[in-house]
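Working notes, beginning with the structure itself.
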Amino acid sequence: MSARLSEQEIQRREALQKLREAGIDPYPAALYPIENYSTDLKTNFEEGKKVVLAGRLMRKKVQGKASFGMLQDSKGKIQLYFNRDEVCPGEDKSLYNDVFKKLLDLGDFIGVKGELFKTQVGEITVKVTEFTVLSKSLKPLPVVKTDEQGKVHDAFTDPEQRYRMRYVDLVVNDKVRETFRKRTRLMNAMREFFNQKDYLEVETPILQPIPGGAAARPFITHHNALDIPLYLRIANELYLKRLIVGGYEGVYEFAKDFRNEGMDRTHNPEFTVMEIYVAYKDYFWMMDFTEQMLEHVVKAVNNGSTTVQLGDREIDFKAPFKRVTMIDAIKEHTGHDISGIDEKQLREVCKELGIAVDDTMGKGKLIDEIFGEKCEPHYVQPTFIMDYPKEMSPLCKKHRDNPDLTERFELMVNGKEIANAYSELNDPIDQRERFEEQLKLSEKGDDEAMFIDQDFLRALEYGMPPTSGMGIGIDRLTMLLTNQSSIQEVLFFPQMRPEKKVAAPNKSDFEKMGVPAEWSEHVMAVYGSVEEFRKAKPTQVHQQMNGYRKKNKLDITALQLPEVEAWFN
RNA sequence: GAUUCCUUAGCUCAGCUGGCAGAGCAUCUCCCUUUUAAGGAGAGGGUCCUGGGUUCGAGCCCCAGAGGGAUCACCA
């Protein structure tokens with residue numbers, strides 16, 4: 001925030017004032033009766049059609065008695081043609097000469113009525129017969145232009161400004177608006193897919209007394225009336241499973257989760273996850289379900305295509321996807337068969353592969369390290385990695401054929417995890433033991449081990465049917481489908497460090513201290529802010545201000561020292 | 001957290017060996033009745049991120065700090 005108004009801002013405020021003087025309300029209350037949208041008019045052109053539309057004026061090119069403009073509405077842009085004698089049929093030409101030419105700025109919202117025609121160059125244009133000021137814009141928007149070759153000039157690109165002022169980013173960068181539309185299309189398509197199967201969309205607590213369902217550092221807050229700590233959820237898994245206990249066949253939730261960890265290109269402290277749980281299913285069923293669902297979603301976002309271009313890679317979401325067990329993946333990419341070997345041997349393997357390990361790592365973590373380091377990047381096309389070690393998956397059912405493994409899969413796309421699913425653990429006694437193992441891990445130094453949720457165990461004791469659950473990172477999936485490499489590009493308002501606060505100096509702040517109105521402006525000019533002013537001594541201020549008065553030949557009575565001293569009391 | 005780069009007009013960016021703060025677009029004034037990122041002529045607009053230091057002189061060099069980007073580490 002700049003403390004002072006720029007020249008352009010001052011000019012816009014003056015224009016605002018002149019509009020008022022001309023009897024035009026720059027912020028009218030009444031609705032504007034929109035009947036048309038820019039892009040619709042362009043796709044279904046009808047010569048002479050009477051139209052009413054509204055939006056921001058994004059280009060203004062005056063050519064004497066005729067002018068061109070560009071109106072940007074929620075759907076796109078359309079050119080406007082203003083002819084002085086059409087806009088002002090009578091003697092009084094001030095609406096064109098003054099209001100349009102001088103008082104309208106780029107970024108102002110206007111409503112226009114007129115008729116459609118094609119210019120000599122063939123551009124579909126609205127010949128304006130009447131325009132209405134709907135909202136005056138007081139700050140200049142960056143002017144982004146695109147030439148015939150599609151090359152963008154003076155683009156608004158600074159990531160800091162784009163994220164801090166997303167509203168500006170959205171106004172001037174069409175592609176950004178499109179990215180977020182795709183995000184919504186993605187979620188709608190997913191929701192549609194689940195609803196067709198009659199699964200129930202639900203909401204579960206964001207404020208949780210025990211942050212369960214995942215291993216991560218939570219945000220903590222406090223409830224005053226109950227005088228207890230509450231945590232922002234790191235996952236909603238345990239609540240959704242309680243609903244399966246309660247008898248629903250399928251439940252899902254699009255959930256904002258919160259994790260108090262580092263921020264980077266793929267992590268934001270709050271992020272969106274879709275989790276779904278379906279009773280009487282196992283993880284094989286869930287693989288089929290997931291690949292069908294994704295194919296459906298990708299088509300919906302991508303206008304029917306199952307392929308997505310990411311740089312020079314083309315990714316095809318056509319079902320079915322490849323399936324590989326974790327042990328086979330490691331065998332394939334490292335040559336080591338880790339099935340049935342113990343922790344000590346695993347450490348040997350890690351050393352041989354040049355993977356850094358430490359003492360707090362258990363068997364599961366070691367295997368995960370090997371996979372993450374040596375295998376994960378190879379899975380570019382959608383691939384299910386199955387059968388994870390038991391230690392890594394405390395909420396997942398033991399593998400039906402191998403007690404060291406679990407019935408878990410992750411979906412890898414472009415070398416990254418997109419979805420995670422289990423045959424859910426529904427044996428309450430096994431679940432209690434797993435939680436206790438987590439407790440031991442945390443005593444060993446793993447600060448991400450899970451808390452024990454006694455109520456969740458009680459729910460399982462009442463009985464949960466065999467269930468399969470799946471979670472999918474909506475932000476990361478959106479990144480994939482919109483070819484974005486940072487999560488900030490798919491979140492409207494990504495977390496940022498707080499903006500540096502520049503105390504915007506204001507005359508009235510000085511007047512509150514007792515500085516008389518005729519002096520306040522000059523004191524502000526000399527000292528800038530109240531804070532700086534307070535640091536000065538009265539004697540110094542007295543001399544400084546009288547010096548300023550003399551230098552600028554101000555027509556104000558000179559200050560007396562006692563007067564100045566009074567300001568500081 | 002580490003490394004590294006960036007921060008100059010409303011926007012995008014130049015700025016040489018340390019020597020008067022620059023361009024394009026935007027803005028303002030004048031001219032122009034179908035233009036296409038760009039008609040013509042003229043004008044205004046700056047906390048060079050902040051604070052110190054070196055120097056006759058700092059946008060530029062040095063130190064510290066802020067914000068941001070990238071890479072790495074951390075993070076199922």
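- Rounded to an integer number of Å, the gap from CD of A:E86 to C1' of B:U34 is 12 Å.
- Residue A:V62 is classed as a base contact, given a heavy-atom separation below 4.0 Å to a base.
- Taking atom CD of residue A:E237 and atom P of nucleotide B:A76, one finds them 15 Å apart after rounding to whole Å.
- Across all strands shown, A:D368 has no heavy atoms under 4.0 Å from either base or sugar-phosphate atoms.
- Atom name P, nucleotides B:C25 and B:U36: the rounded distance is 15 Å, in whole Å.
- Both tests hold for A:K60 against A:F100: distance to the six-membered ring centre under 6.0 Å, angle to the ring axis within 45°.
- The side-chain heavy atoms of A:S137 and A:R12, taken from C-beta on, include a pair separated by under 4.5 Å.
- Aromatic ring pairs are classed by plane angle as parallel below 30°, tilted from 30° to 60° and perpendicular above 60°; the pair A:Y379 and A:F371 is parallel.
- Ion pairing of A:E376 with A:K416 is absent here, as no side-chain N (NZ or NE/NH1/NH2) approaches a carboxylate O to less than 4.0 Å.
- B:G57 is unpaired under the Watson-Crick or G-U wobble criterion, no partner having all donor-acceptor distances under 3.5 Å.
- Ion pairing between a basic and an acidic side chain is recognised when a charged N comes within 4.0 Å of a carboxylate O; A:K256 and A:E270 show such pairing.
- In the set B:A76, B:U34, B:A26, the nucleotide with an atom closest to the side chain of A:P394 is B:A76.
- Comparing B:A21 with B:U29, their C1' atoms are spaced 24 Å from each other, to the whole Å.
- Atom NZ of A:K365 and atom C1' of B:A76 are 7 Å apart (whole Å).
- Each of A:E160 and A:R476 was matched to the nucleotide of RNA chain B holding its nearest heavy atom; the match closer to the 5' end belongs to A:E160.
- Comparing A:D147 and A:N83 along RNA chain B, the residue whose closest nucleotide (by nearest heavy atom) sits nearer the 5' end is A:N83.
- Contact check, A:R265 against B:U71: a side-chain N or O comes under 4.0 Å of OP1 or OP2.
- Within residues 113-126 of chain A, the residues that have a heavy atom under 4.0 Å from RNA chain B are, in order of number, A:F117, A:T119, A:Q120, A:V121, A:E123.
- Pairing of B:A26, defined by two Watson-Crick or G-U wobble distances under 3.5 Å, is not identified with any nucleotide.
- Contacts of A:D85 with the nucleic acid, taken as non-hydrogen atoms under 4.0 Å apart, include base atoms.
- Base contact: A:R59 has a heavy atom under 4.0 Å from a base atom.
- Note on A:K60: every side-chain N or O is 4.0 Å or more away from OP1 and OP2 of B:U27.
- Here the closest non-hydrogen pair linking A:D387 and A:M326 is O-CB, 3.7 Å.
- Pairing for B:A14 is absent, judged as Watson-Crick or G-U wobble with the two contacts each under 3.5 Å.
- Atom P of nucleotide B:C31 and atom NZ of A:K101 are separated by 7 Å, given to the nearest angstrom.
- The base-pairing partner of B:U34, taking Watson-Crick or G-U wobble contacts with both distances under 3.5 Å, does not exist among the strands shown.
- Within 4.0 Å of A:K145, counting heavy atoms only, lie sugar-phosphate atoms of the nucleic acid but no base atom.
- Looking at A:K390 and A:D404, no side-chain N of the basic residue comes within less than 4.0 Å of a carboxylate O on the acidic one, giving no salt bridge.
- Nearest nucleotide to the side chain of A:A215, out of B:C75, B:U29, B:A76: B:A76.
- The phosphate of B:U36 has neither OP1 nor OP2 within less than 4.0 Å of any side-chain N or O from A:K61.
- Judged by distance alone, with hydrogens and angles left aside, the side-chain atoms of A:T129 form a donor-acceptor pair with the main-chain N or O of A:K113 at under 3.5 Å.
- Expressed to the nearest 0.5 Å, how far CG of A:L366 lies from CD of A:E369 amounts to 7.5 Å.
- Salt-bridge formation is detected for the pair A:K77/A:D174: a Lys NZ or Arg NE/NH1/NH2 atom is positioned less than 4.0 Å from an Asp or Glu carboxylate oxygen.
- Using atom C1' as the reference point in both B:A26 and B:A37, the two lie 13 Å apart (nearest Å).
- One finds a side-chain N or O of A:R497 lying less than 4.0 angstrom from the OP1 or OP2 phosphate oxygen of B:G68.
- Note: CG (A:L366) to P (B:A76) measures 14 Å, nearest angstrom.
- Side-chain atoms of A:H153 and base atoms of B:C25 include no donor and acceptor less than 3.5 Å apart.
- In summary, of the residues considered (A:F131, A:Y96, A:F68), a ring pair (Phe, Tyr, Trp, His ring centres under 6.0 Å) with A:F82 occurs for A:F131 alone.
- Between B:C31 and B:G19, the distance separating the two P atoms is 43 Å to the nearest Å.
- For the atom pair A:L116 CG and A:E46 CD, the distance stands at 8.0 Å (nearest 0.5 Å).
- Considering only side-chain N and O atoms, A:R408 lies nowhere under 4.0 angstrom from the phosphate OP1 or OP2 of B:A76.
- Out of B:U27, B:C30, B:A76, the shortest distance to the side chain of A:E417 is found at B:A76.
- Residue A:E148 is classed as a sugar-phosphate contact, given heavy-atom separations below 4.0 Å to backbone atoms only.
- B:G68 sits 23 Å from B:C74 when the P atoms are compared, rounded to a whole Å.
- Using atom C1' as the reference point in both B:C20 and B:G46, the two lie 15 Å apart (nearest Å).
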Contact string for nucleotides 2-15 of chain B, one letter per nucleotide 5' to 3', B = base within protein heavy-atom range under 4.0 Å, S = sugar-phosphate only, - = neither, reads --------BBB---
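- With a cut-off of 3.5 Å on both Watson-Crick or G-U wobble distances, the partner of B:G67 is given as B:C6.
- Rounded to whole angstrom, the span from the CG atom of A:D105 across to the P atom of B:A26 amounts to 13 Å.
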